[in-house]
Amino acid sequence: MIISYYTYRRVKVTLTIPYHYQLKDVRHIQRFKGRALIANEMGLGKTFEALLWMQRNPKVRPVIVVCPASLKWNWEHEALTHINQRSEVLEGTKPPERFYLHHEMVIINYDILRPWMEYLVSLKAQLLIIDESQYLADRKTKRTRAVKELSKNTPHILALSGTPLVNRPAELWPTLNILNSKEFPSFFDYALHHCGAKRNHWGWEFKGATHLDELHQRLLTTCGMIRHLKSDVLKELPEKIRQILLLPISKPKFYQKASTNFLRWLAENQPEKLSQAAKAERLVRMGYLKRLAANLKLKAVFEWIDTFLAETEGKLVIYGIHHKILRPLHKRYNNMSVLIDGAVSQNQRRLAVKTFQRKDSCRLFFGNIRAAGIGLNLTSATTMAFAELDWTPGAHKQAEDRIHRIGQNLQTSCYYLVAKDTIEEKLVKIIQNKQSVSNNTLDGQGKGDSLAIFDLLCMELLKEKTN
């Protein structure tokens, strides 16, 4: 096995300006010597805080990030955007015989940890970042054992989760043991004290919760736990935060084949030479490619929504365009959601909005960006996500205003769930430029020009073919 390192010039200045509470959190992590549990509520920048601490400790290299598959590319994007850190993203269950490491940050998902363990251990990482650490809730699973093995000789460990304890204290022990094995060496001792351990006919049961105040203090004093809710730092946050999240797609080869066929057609039919019929065909072909990207990222969208529901108690508005996206989403979360699309009557629309606004059990609103993007008051939610992108920036701005309007006194978050390495990624960048915003936020000003966007998108796609 051959491993080589490529060292590049590190940028000392953080590219993203942190909030006051984030700087305070980074100092807190420093006091605990880079071993801490970052348990901030979703949307408060756990990823950024981990990257910021990493950037301010340049000797802490190499770095390994372990996260769910749907978040790998987002970690790569965030590291590059916020601190100009390039990453190696590992994929597949069959590592190459020779592995060359070109960057000092490695990102891998839980599902493929075991096959890559030899390579990962050989890196002798100085920092291990465990994202969504609730994935380690079962101490007996292969993934938990793999992360435990990876952490053995790693001096700095950051565990990130908005809900490190999902159901009961027993699920928290693996993370605590990894962060501070001296304080939490034995699961049985921990379970006797904090899990109401009981012995029955079939053996020991650890489903209880005892001495929780004491456990909270132990988390603060021995595991460096950081915990903020949005309400705690609301004065520091802008009224609206917009963020692009890059999601992986299933069947990337299938998408690539469709994309190659379209690029070949586009190269043979330059925009300035197109007849009206050819322009119509171009829109149809581009529309198919966009729908395909949206369909192939659906699994990752499910996972992101699942994470939101687990990490928060709030409500979520999700906008899409096509039945093949909105209907499967609504079906999966049928017992806690409502849907408004073009097939819903006016009476059904009013009932859906009323249900979402008033019933705590209804946590999800699925809407067609055209049929439900204007005229609705959805202020019981402070978070929105776009599962599909419209061709025009103005449509997104109108949809965002469903939760960011008069009557909304809380900070709102709008996520653009974008299929990585697809037409969506290029489209959202064009929308960004149209809205005059830098980095990974969208400003949403102006209605945009869909025809201009089509032409710009064609130019970007042709550049890809040329390169």
Side-chain angles (χ1 to χ4, degrees), residues 68-74 77 242-263 266 282-308 316-333 337 339-343 364-373 383-396 398-400 414-432 440 442 448 450 453-454 456-458 460-461 464:
S70 62
L71 298 180
K72 283 198 302 186
W73 302 108
N74 190 59
H77 176 74
R242 301 177 183 90
Q243 184 173 0
I244 294 170
L245 297 180
L246 297 180
L247 302 182
I249 61 173
S250 59
K251 301 180 181 179
K253 291 182 179 179
F254 181 73
Y255 176 85
Q256 191 58 47
K257 183 178 179 180
S259 178
T260 300
N261 289 338
F262 173 69
L263 291 176
L266 193 60
R282 179 185 67 167
L283 296 184
V284 171
R285 287 174 178 263
M286 291 174 72
Y288 167 75
L289 207 57
K290 192 160 80 74
R291 289 196 304 275
L292 180 61
N295 274 292
L296 294 179
K297 73 178 179 190
L298 195 54
K299 180 180 177 182
V301 173
F302 286 152
E303 187 173 332
W304 186 85
I305 294 174
D306 289 343
T307 300
F308 174 87
L316 173 66
V317 175
I318 306 99
Y319 276 106
I321 298 171
H322 298 97
H323 288 300
K324 290 186 177 180
I325 297 296
L326 290 170
R327 294 288 171 166
L329 285 166
H330 180 49
K331 182 178 180 181
R332 179 182 172 95
Y333 304 100
S337 69
L339 167 70
I340 293 180
D341 60 13
L364 300 172
F365 176 96
F366 296 107
N368 175 280
I369 200 168
R370 297 288 177 168
T383 307
M384 171 183 292
F386 291 95
E388 289 183 272
L389 299 177
D390 194 87
W391 292 113
T392 59
H396 301 112
Q398 287 278 7
E400 288 176 2
C414 302
Y415 294 91
Y416 287 70
L417 309 180
V418 175
K420 180 176 170 56
D421 294 330
T422 71
I423 191 173
E424 280 194 342
E425 192 170 355
K426 290 177 172 55
L427 176 58
V428 80
K429 288 180 181 178
I430 292 171
I431 292 173
Q432 279 184 289
N440 64 338
L442 299 167
S450 61
I453 286 179
F454 290 141
L456 288 170
L457 189 53
C458 284
E460 289 298 317
L461 292 168
E464 177 184 296

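Start at 1 with the first residue, then count along the sequence.
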Handout entry: Evaluation steps, side-chain contact (heavy atoms from CB on, under 4.5 Å), between Thr383 and Phe308
Key = CA-CA 10 Å; Thr383 307; Phe308 174 87; 3.8 Å; yes

Practice task
Decide side-chain contact (heavy atoms from CB on, under 4.5 Å) for Val284 and Arg282; before the verdict, give the C-alpha distance in whole Å, the side-chain angles of both, and the deciding distance to 0.1 Å.
Solution key: CA-CA 5 Å; Val284 171; Arg282 179 185 67 167; over 6 Å; no

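Between Ile340 and Ala372, the shortest heavy-atom distance links the atoms CG2-CB, 3.8 Å. Ala294 approaches Glu388 most closely through the heavy-atom pair CB-CG, 3.7 Å. Closest heavy-atom contact between Tyr319 and Met384: CE1-CE, 3.7 Å. Counting all heavy atoms, side chain and backbone alike, His77 lies closest to Ile244 at CD2-O, 4.3 Å. The minimum heavy-atom distance linking Ala387 with Val301 is given by the pair CB-CG1, 4.5 Å. Closest non-hydrogen pair, Asn368 versus Ile321, comes out as ND2-O, 2.8 Å.
Under the 4.5 Å side-chain criterion, counting only non-hydrogen atoms from C-beta, Tyr255 is in contact with Leu292. At least one side-chain heavy atom of Tyr333 sits less than 4.5 Å from a side-chain heavy atom of Ile305. The closest side-chain heavy-atom distance from Ile318 to Phe386 is not below 4.5 Å. With a 4.5 Å cut-off on side-chain heavy atoms, Leu329 and Phe302 count as touching. Put simply, the side chain of Leu417 reaches to within 4.5 Å of the side chain of Tyr415, judged on heavy atoms. Contact check for Asn295 versus Lys324: side-chain heavy atoms found under the 4.5 Å cut-off. When side chains are defined from C-beta on, Trp391 counts as touching Leu457, because their heavy atoms get closer than 4.5 Å.
The pair Arg327-Asp341 meets the salt-bridge criterion, since a charged nitrogen lies less than 4.0 angstrom from a carboxylate oxygen.
Geometric assessment of Lys299 against the ring of Trp304 yields a negative cation-pi assignment under the 6.0 Å and 45° thresholds. Taking the centre and axis of the six-membered ring of Tyr416, the NZ or CZ atom of Arg242 falls outside the cone set by 45° and 6.0 Å.
Here the options are Lys331, Arg332, His330, the test is side-chain hydrogen bond (donor to acceptor under 3.5 Å, both in side chains), and the partner is Ser337; only His330 passes.
With sequence neighbours left out, the salt bridge (Lys or Arg N to Asp or Glu O under 4.0 Å) criterion links Arg285 to Glu281. Remark: Asp421 pairs with no residue by the salt bridge (Lys or Arg N to Asp or Glu O under 4.0 Å) rule, at least two apart or across chains. Among residues two or more places apart in sequence or in another chain, the salt bridge (Lys or Arg N to Asp or Glu O under 4.0 Å) test is passed with Glu424 by Lys297.
Note that CG of Asp390 is 5.0 Å distant from CD1 of Ile369, once rounded to the nearest 0.5 Å. Interatomic distance, CD1 of Ile430 versus CG of Leu389, reported as 11.0 Å (0.5 Å rounding). Between the CG atom of Leu283 and the NZ atom of Lys290 there is a distance of 11.5 Å, given to the nearest 0.5 Å. Interatomic distance, Ser70 OG to Ile249 CD1, rounded to the nearest 0.5 Å: 14.0 Å. Taking CG of Asn261 as the reference point, atom OH of Tyr288 lies at 9.0 Å (rounded to 0.5 Å). Remark: Thr422 OG1 to Gln256 CD distance equals 10.5 Å, nearest 0.5 Å.
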